[in-house]
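Take a look at the structure below.
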Amino acid sequence: FYDGPLGNQNRLWEASRVLGIEMEASVLLTIGGIRGIRTGCLANVDNYIFERELSGTYAPHRDVVLQGTTRMIEIAMDAMAVLSSDPVTV
């Protein structure tokens, strides 16, 4: 994804058949698991890293991304409604 102290690991992720890389939610999910707190994550995938490396372009504002974001917000709102009405069963 981004070069870090160990360099670019994208080929390792590809060889390991990793389907997605995200940067923020993993910490929340881990802490929630440790503390016994329900957590969740909605992700809108906006590109394929290896295509981006080949083309050198990144276009996060395409219609399909905007549609995904809209749908993600709808799902989040539905989930919040369910959780607020009966937080124990979900």
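Throughout, residue positions are numbered sequentially from 1 according to the sequence presented.
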Residues that Arg35 engages under side chain to side chain contact (heavy atoms under 4.5 Å, CB included), provided they are two or more places apart = Ile31, Ile37

Measure the spacing between CD of Gln67 and CZ of Arg62 and express it to the nearest 0.5 Å.
-> 11.0 Å

Can you see which heavy atom on Gly32 is nearest to which on Thr39, and at what distance?
-> CA-CG2, 3.7 Å

Drop me the distance from Leu28's CG to Cys41's SG, to the nearest 0.5 angstrom.
-> 8.5 Å

Out of curiosity, Arg11 CZ to Ser16 OG, how far, rounded to the nearest 0.5 Å?
-> 12.5 Å

Could I get the full list of side chain to side chain contact (heavy atoms under 4.5 Å, CB included) partners for Met77, not counting sequence neighbours?
-> Ile73, Met80

Return the minimal non-hydrogen interatomic distance between Asn44 and Val65, and the atom names on each side.
-> ND2-O, 2.9 Å

Residues passing the side chain to side chain contact (heavy atoms under 4.5 Å, CB included) test with Leu42, sequence neighbours excluded, are Met72, Ile75, Ala76

